[in-house]
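One structure is given below, encoded as structure tokens.
Remember, predicted model here, so these are calculated numbers, not experimental data. So you know, we letter chains A, B, ... as the sequences are listed, proteins then strands, and number each from 1.
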Amino acid sequence: MTLTIWIDLIYLLAAVAFIVALKGLSSPKQARNGNLLAAGAAIVAVGATFFNPEAQFSSHTTNLILAIVAMVLGAVIAVPVARMVKMTAMPQLVAIFNGVGGGAAALISITVFLQHSDSAAKPAVYTIAEVLLGLLIGCVSFSGSAIAFAKLQELMTGRPITYPAQQVINGLVGVAIVALALATLLTGSVTLMVITAVLSLVLGIIFVLPIGGADVPVLISLLNSFTGLAVAASGFTLDNNLLIIAGTLVGASGILLTRMMSKAMGRSLSNVLFSAFGSVVTAAGGADGTGETRQVKTGTPEDIGVLLAYARKVVIIPGYGLAVAQAQHTARELADLLMERGVEVFYAIHPVAGRMPGHMNVLLAEANVPYDELKEMDEANPEMATADVALVVGANDTVNPAAKNTPGSPIYGMPIINADEAEHVIFLKRSMRPGFAGIDNELLFNEKTTLLFGDAKDTLAKLVAGVQEA
Amino acid sequence: MTLTIWIDLIYLLAAVAFIVALKGLSSPKQARNGNLLAAGAAIVAVGATFFNPEAQFSSHTTNLILAIVAMVLGAVIAVPVARMVKMTAMPQLVAIFNGVGGGAAALISITVFLQHSDSAAKPAVYTIAEVLLGLLIGCVSFSGSAIAFAKLQELMTGRPITYPAQQVINGLVGVAIVALALATLLTGSVTLMVITAVLSLVLGIIFVLPIGGADVPVLISLLNSFTGLAVAASGFTLDNNLLIIAGTLVGASGILLTRMMSKAMGRSLSNVLFSAFGSVVTAAGGADGTGETRQVKTGTPEDIGVLLAYARKVVIIPGYGLAVAQAQHTARELADLLMERGVEVFYAIHPVAGRMPGHMNVLLAEANVPYDELKEMDEANPEMATADVALVVGANDTVNPAAKNTPGSPIYGMPIINADEAEHVIFLKRSMRPGFAGIDNELLFNEKTTLLFGDAKDTLAKLVAGVQEA
Amino acid sequence: MSTTGILEFLTIFILAIFVGNEVVARVPSILHTPLMSGSNAIHGIVLVGAMIIMGTATGTAQIILGFFAVLLATLNIVGGFTVTDRMLEMFKSKPGDGPPRGGSKSKSADAEGGAK
Amino acid sequence: MSTTGILEFLTIFILAIFVGNEVVARVPSILHTPLMSGSNAIHGIVLVGAMIIMGTATGTAQIILGFFAVLLATLNIVGGFTVTDRMLEMFKSKPGDGPPRGGSKSKSADAEGGAK
Ligand SMILES: NC(=O)c1ccc[n+]([C@@H]2O[C@H](COP(=O)([O-])OP(=O)(O)OC[C@H]3O[C@@H](n4cnc5c(N)ncnc54)[C@H](OP(=O)(O)O)[C@@H]3O)[C@@H](O)[C@H]2O)c1
Ligand SMILES: NC(=O)c1ccc[n+]([C@@H]2O[C@H](COP(=O)([O-])OP(=O)(O)OC[C@H]3O[C@@H](n4cnc5c(N)ncnc54)[C@H](OP(=O)(O)O)[C@@H]3O)[C@@H](O)[C@H]2O)c1
């Protein structure tokens, strides 16, 4: 009894630590400490659980050993993967770690369900309802994250997969799940429970299919929030305040975060989830970019180097291509070189440049670019008109004026970085292919614009040389 | 049992409503709705309590009748007082309503204590600890608020009342209370409990005595937070989630609010509470202001009217005197008149002008001054240098350059409105007496400055006439 | 169960601290006073506690204490909400909409008359 | 008591919603991804639940389920915190302090050499 109190107190402290950590994670200065605090709290809470009388480890030595084996195995897999994966692969990594969390919650629900159906005493209705809720959400999160992972890892196409009456079918599956869950609730049948679980897995898949690769990070955030709710449901099932608080925290903050993310892309959450955004692409832009006949202007690294070297103000606009090319260090080198020559240089960061929010900040921070050289879009835009050169490195949609001028365009209404206001625009990209939204960019054909084709890392290195020679 | 669940659900909803209401109260647009929501929730919760099985009203009709009598009596007293009291008397009104709340919490604690000492079963230690905590905090809040009321209502001097070794004595009383509370906890003696209560009342009084009248609003905010904690303690005592949540909300937000208030005055909370701020006054400034021999410049309403009428930009800086004179409507009239003539006019609002935070905003809003004519200090200050006239209406400390120039001064470090940067400064006040901090204002003797003595409402009306004639 | 009960209450208490802190973290100084007054009214919900005490009171002493607890709590809650509403009544986003204030008008008329 | 228990849990749940919402309300977009990743790690605390399930599991089916629950939850919590830390490692307030990146330096030397 006394031990239970102590363990519960430890859980409560861990919950408080999680709140404080989440607060920390929301502020640039405290973010890392916040994460470490949460990790520390998690270790303490997990450690305490070995002594939790509820877990009955003292009388179930085999179970204890198996638990330790599973934990060691998990850690041995997770740490190297998390440490070694490339920065550009972060989103899919988060997806997969999120999915397994949902899976764990679902497995907990299944086990508790089996325990209840084994025992003679009939549990209260709401107990089973909580179990089913955890099962359902956990399964959706698990399979949804798996598909999200496959899309980002390019194990399958990143394009939205659509078929006729898609939303209707998805809706029907949802209704079927609710009906089955109710039937399970009333009958307590294990078979029905398994069918519900399987259908929930299916729902997770078909829910994610129509979402385009570029929107997947928003989706992952939503699934993250789902897993949080599934964990909270597990907490209700197990009468565990720590799981309730931690799960709910993530669930509530995750939904808010998801909305902020889609807002940063100039779209509503329902638009992201249900509009199969990007499916028009195949028809319109064409993935090969060979259909293009209009004239564009290209330049040599030497010409552009001179232009940069004698500019007063250069704005570097990084995008997804910078990440793909891992060109952040070379970009920094170019910027440093220009600054040495007295050129005013800053980076204009669009909130959804790259493939996950904050992607550019992470990359540029990795390259040790000082904070004060980074300007958020709102801060950068008023300065664009006075810039001599806008150097667009592997960005496309985030500088596409169609967002301002073309009401029919799928990105219409999204705020962009006004590269077109600068006196000269330089594009570093490999081809005429469009960006992730799959639409043409009028700015490429603008007379202000000069293109330099090639992998961003190479072309930037050439520009470094060009500036040095200038 | 089922009834209990419903009642508890209603309480939970009320608690949620309180949170939402508090959120609303923190945003200018939602503030009034927030308050109405909280009031509605309170009515529903109180109504539900009549049916709460815990309250046993169904079997105790006399108690029910007496409760209703007390409630009607309370409402009959509270509504007219709250409706009719002058705007300037708001702070003391809040103080008294806060104090009675603390008193109620204390009375609840006493009654529960008596019930426990009547019953045979010995309650858990923490139960009594909760009771004593509620008693202690409630008593401090009650008597402290009473003294705060007396100070603001000028039933006693607003000056800090100090005596040698004051903080030491207060500390000793505090220690004695803790010791007595522990003794009460161990013995369960009613006598000891009563002594603890009385000493707590004494502590509330001596805690407030050294705090000067101008600092009392901050103090009230702190006592408000105390009452919240006392109510939370009552909630623990009665196992009532609604009281716990509502009380804690107020307790936690109140402490934050208190710190923000003292920060707005450029001082730390401990400085406000323990420095007997303003006690130097009697020695330095002198309350009668007759000791002044230096020359000041006074003007006629006609002269100043011309100055105002032909200015390009006039900044009105209202202060406590505007509130005392109830001159907000006349000030608005003058402003409107000047604007009709094409003069640019705005009000520069210092965060602690007046006697409670936001005091000026409330008054000017009452006079229907549009929001966009009000500028907060930070927004107003950069404009002061380009103003032709700074019209200081009943303000003093909040424009006193000593806060910037005189390191020894008690207000040194407080941000002020830089009236001294304007080309002309007009002071409307009744005499050479200082403001609430009780220190001289060098700006009165500045050669830019013209004084117009008299009640602010009268002098403003004269200026209106002066402008019309100009 | 009563010992786990206290932990649940403690949890609620701690969460409420966070909520209370966060919710007012961004209040502009113009609303300091209404917020203080409004939260003052909210803790008037101690009336619910006072009513429970009053209902279960036995013996003269307890009944008198309970009566005053209800009375004081009612003063707090009724007075608190009323005074807060009165303060907030004055914050109108479009001041032009309100009816012109009679007092101020007549007063200004006086002033003008006197001066001209 | 179990019915009042559920109300307590509900209360905790609702309060946690408010806390979760308020706490991230002001997150700058630069931290969206680390925040998502960090909160992903936090829900990995489901490991505690998985351990309890594992400890009380009886019969092969339950033990297998419990084993995988613990395994998956461990992946979530360990991987989540590690990857978040790696992301945040890169946010240094004074980038000049860090040791220069070998990779970038040598690469730039190559580029220079090649061009000149
Ligand atoms: N950040 C987020 O959270 C997030 C989330 C979901 C969706 N999105 C979406 O992602 C898009 C981001 O916009 P963005 O401007 O950053 O990128 P983008 O519009 O996707 O354009 C990226 C460009 O980089 C070029 N590129 C690719 N690899 C390259 C390499 N190795 N070297 C040089 N160039 C390379 C590509 O052209 P080539 O193939 O011709 O080289 C492409 O045009 C937006 O549509 C946004 O809505 C972002
Ligand atoms: N707002 C808050 O929350 C708060 C809280 C606590 C303390 N305080 C303190 O209160 C002070 C507020 O500064 P303040 O500049 O607003 O006021 P102040 O410094 O107190 O000055 C008020 C001035 O108004 C004049 N006055 C009084 N009645 C008048 C009338 N009927 N007509 C014309 N003038 C009249 C007084 O001079 P005469 O007597 O010569 O007329 C006095 O000099 C600060 O020291 C602040 O720290 C404010």
### Message
So, applying side-chain hydrogen bond (donor to acceptor under 3.5 Å, both in side chains) with Ser39(D), which one of Asn98(A), Asn224(A), Thr227(A) is it?
### Response
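Answer after filtering Asn98(A), Asn224(A), Thr227(A): Asn224(A).
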If you look at every heavy atom in [X] and [Y], which pair is closest and at what distance?
| X | Y | answer |
| --- | --- | --- |
| Glu54(A) | Thr56(D) | O-CG2, 3.2 Å |
| Arg32(A) | Asp85(D) | NE-OD1, 3.0 Å |
| Val48(D) | Tyr11(A) | CG1-OH, 3.5 Å |
| Gly20(D) | Ser253(A) | O-CB, 3.3 Å |
| Ile53(D) | Gln115(A) | O-NE2, 4.4 Å |
| Ala69(D) | Ala104(A) | O-CB, 3.6 Å |

[X] vs [Y] side-chain heavy atoms within contact, under 4.5 Å:
| X | Y | value |
| --- | --- | --- |
| Thr33(D) | Asn361(A) | no |
| Leu31(D) | Leu25(A) | no |
| Leu35(D) | Ser26(A) | yes |
| Leu93(A) | Arg86(D) | no |

Below 4.5 Å, heavy-atom pairs only: which of [options] has the largest tally toward chain D?
| options | answer |
| --- | --- |
| Gly102(A), Ala78(A), Ala14(A) | Ala78(A) |
| Ile245(A), Ile96(A), Val69(A), Val46(A) | Val46(A) |
| Gly101(A), Ala70(A), Gly74(A), Ala105(A) | Ala70(A) |
| Val112(A), Asp239(A), Leu36(A) | Asp239(A) |
| Leu249(A), Val81(A), Thr62(A), Ile108(A) | Ile108(A) |
| Leu107(A), Val79(A), Leu114(A) | Leu107(A) |

Pick one of side chain, backbone, both or neither for [X], based on which atoms fall under 4.5 Å of a heavy atom in chain D.
| X | result |
| --- | --- |
| Glu376(A) | side chain |
| Ser221(A) | both |
| Met84(A) | backbone |
| Phe18(A) | both |
| Asn52(A) | side chain |
| Glu130(A) | side chain |
| Val72(A) | neither |
| Asp118(A) | side chain |

Between [options], which has the largest tally of heavy atom pairs under 4.5 Å with chain A?
| options | result |
| --- | --- |
| Ala41(D), Gly80(D), Ala57(D) | Ala57(D) |
| Val83(D), Ile77(D), Ile63(D) | Val83(D) |
| Ile17(D), Val70(D), Ile42(D), Thr82(D) | Ile42(D) |
| Ile12(D), Leu47(D), Leu75(D), Ile52(D) | Leu75(D) |

### Query
Asn35(A) side chain to Phe81(D) main-chain N or O, any donor-acceptor pair under 3.5 Å?
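Looks like yes, one N/O pair under 3.5 Å.
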### Query
If only atom types and distance count, is the side chain of Asn63(A) paired as donor or acceptor with the main-chain N or O of Met54(D) below 3.5 Å?
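Yes; judged by distance alone, with no hydrogens or angles, the pair exists.
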### Crowding at CZ, Phe68(D) (>12 non-hydrogen neighbours, <6.0 Å)
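Atom CZ in Phe68(D) is not crowded, with 12 or fewer foreign heavy atoms closer than 6.0 Å.
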Find the distance between [atom1] ([X]) and [atom2] ([Y]) and round it off to the nearest 0.5 Å.
| X | Y | atom1 | atom2 | answer |
| --- | --- | --- | --- | --- |
| Thr127(A) | Ile6(D) | OG1 | CD1 | 7.0 Å |
| Ile14(D) | Thr248(A) | CD1 | OG1 | 10.0 Å |
| Leu22(A) | Glu22(D) | CG | CD | 12.5 Å |
| Phe67(D) | Thr111(A) | CZ | OG1 | 13.5 Å |
| Ile244(A) | Leu15(D) | CD1 | CG | 11.5 Å |

### Task
Decide yes or no on side chain to side chain contact (heavy atoms under 4.5 Å, CB included) for Val78(D) and Phe97(A), but give the supporting numbers first.
CA-CA 9 Å; Val78(D) 174; Phe97(A) 287 143; over 6 Å; no
### Message
Heavy-atom cut-off 4.5 Å, strictly under: side chain, backbone, both or neither for Leu65(D) against chain A?
### Response
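Backbone plus side chain of Leu65(D), per the 4.5 Å heavy-atom cut-off to chain A.
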